Amino acid sequence: MWEITLIGKPYDIVHFLELKNVLKSSFGKSVIVVITFEKDLICSIAVIEKNYIQIVKNFVYEIILKLVKLEFYEQNLTIFSEDKSLNSFLLTNIVLVDLVDEVRYAKSISKLTKVVNIRSFVYFKLNKFIQIWKRDLQYYNKNFIKYDRQNLYLDFLKFLANHSKRKTDIMYLEEGNKEMILLDKKRKKIKTIEKDDEIGIVVNLVMFAPKKIIINCIDSLSQKVSSLISYIFEDKVSVLL
């Protein structure tokens, strides 16, 4: 059995609960997750089935990096507007960009101990990420402060889509029974998104930053999402009718 205890802040509770739900829905009784609050917020994870250990470690690294990255940008980004929902949308996109590669690199240069204080772990053992985030932060604050708030978010998303590391050359967006599906050029499923999660559809397309997007479900997308995808990706978008 593999065990780890994550120490976080009280406001991490939403993310800890999300992690618990994902692990329980993915691995059932093979993974035990207990969240408690003492002096700090504690998330204890035990993996009973050894075949799941490496997969769960990926989730653990992801939550560690996600929480600190979110906190870092939330505290230091100066281009926010008064619209909290748009700010949240902006932060979500920033946090998810390159997160998969960050997790992969973090695993290669560090090891998880039995007890991990999330902030200390990143700031001391994974400090290289802080330096990279600082560099990107300075660029964002310098180059996007001049935008009026009406166009800021659209142009910022376009910037992220154009400058993020490309995960795949071609991506298909199709409709499933209960969800929207992203597939790679070999039509292998990459991600599923709830149909009513319009933000999730856009965020994931920006995160994967494909060279070409082929939409095979244009009638299932709202006009708002269709227009947003077209604006962000421009001539990278093709529609199958």
Side-chain angles (χ1 to χ4, degrees), residues 14-15 17-19 21-26 55 58-59 62 66 69-70 73 79-101 103 140 144 147-241:
V14 173
H15 299 280
L17 289 172
E18 180 182 0
L19 176 63
N21 290 335
V22 169
L23 293 179
K24 295 306 292 182
S25 63
S26 300
I55 304 174
N58 280 346
F59 281 109
E62 182 178 302
K66 184 186 293 184
K69 191 175 183 181
L70 176 64
Y73 279 103
I79 59 176
F80 289 129
S81 72
E82 296 179 358
D83 190 325
K84 292 183 178 181
S85 63
L86 285 177
N87 293 339
S88 178
F89 184 40
L90 181 66
L91 280 170
T92 299
N93 278 275
I94 292 175
V95 169
L96 290 180
V97 165
D98 295 331
L99 185 61
V100 173
D101 291 328
V103 168
Y140 299 153
F144 287 93
Y147 282 81
D148 64 79
R149 292 300 179 261
Q150 184 175 357
N151 297 320
L152 168 64
Y153 293 93
L154 293 177
D155 289 313
F156 191 85
L157 290 176
K158 182 182 289 189
F159 171 83
L160 291 179
N162 288 330
H163 292 84
S164 298
K165 184 178 179 180
R166 185 169 292 113
K167 310 296 189 303
T168 181
D169 288 335
I170 299 175
M171 177 169 283
Y172 291 86
L173 175 61
E174 298 188 350
E175 182 180 14
N177 292 327
K178 297 181 180 179
E179 68 281 317
M180 305 302 288
I181 305 171
L182 295 178
L183 305 100
D184 63 15
K185 61 182 180 182
K186 295 181 179 180
R187 301 189 68 80
K188 180 181 178 181
K189 185 186 296 183
I190 301 176
K191 185 88 174 182
T192 58
I193 309 161
E194 293 183 9
K195 284 186 177 180
D196 59 352
D197 185 8
E198 295 189 333
I199 290 178
I201 295 172
V202 177
V203 166
N204 277 279
L205 288 174
V206 171
M207 180 179 71
F208 285 103
K211 186 183 296 184
K212 190 75 174 179
I213 299 171
I214 300 175
I215 300 177
N216 196 22
C217 54
I218 193 65
D219 293 337
S220 301
L221 301 177
S222 69
Q223 182 61 45
K224 179 181 178 181
V225 170
S226 297
S227 298
L228 188 55
I229 293 173
S230 296
Y231 183 86
I232 294 171
F233 294 96
E234 297 180 320
D235 59 357
K236 296 177 183 177
V237 179
S238 293
V239 177
L240 296 179
L241 301 175

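Every value quoted in this text rests on a predicted model; they were computed, and no experiment measured them.
- Here the CG-CG distance, from L157 to N93, works out to 5.0 Å after rounding to the nearest 0.5 Å.
- The only option from D155, I232, V206, V203 that meets the side chain to side chain contact (heavy atoms under 4.5 Å, CB included) definition with L160 turns out to be V206.
- In this structure, the side chain to side chain donor-acceptor pair (under 3.5 Å) partners of S220, at least two apart in sequence or on a different chain, are E175.
- Residue K158 places its NZ atom among more than 12 non-hydrogen atoms of other residues, nucleotides or ligands, all under 6.0 Å distant.
- Of all the heavy atoms in V97 and K69, the pair that sits closest is O-NZ, 2.8 Å.
- To the nearest 0.5 Å, atom OG1 of residue T92 and atom CG of residue N204 are 11.0 Å apart.
- From Y73, atom OH reaches atom CG of L91 across 10.0 Å, with rounding to the nearest 0.5 Å.
- Of all heavy-atom pairs between N162 and K236, the closest is OD1-NZ, 3.0 Å.
- The two atoms that bring I193 and E179 nearest to each other are O-CB, 3.1 Å, heavy atoms only.
- Evaluation of the side chain to side chain contact (heavy atoms under 4.5 Å, CB included) rule for D169 yields R166, K185, K211 as partners, not counting sequence neighbours.
- Among all heavy-atom pairs drawn from L96 and M207, the shortest one is O-CG, 3.4 Å.
- Heavy-atom contacts from other residues, nucleotides or ligands closer than 6.0 Å to NZ of K189 number 12 or fewer.
- Of all heavy-atom pairs between Y172 and D184, the closest is CD1-O, 3.5 Å.
- Closest approach of A209 and A161 over heavy atoms only: CB-O, 3.5 Å.
- Legend: residues meeting salt bridge (charged side-chain N to carboxylate O under 4.0 Å, His left out) with K66, ordered by chain and number and at least two apart, are E62.
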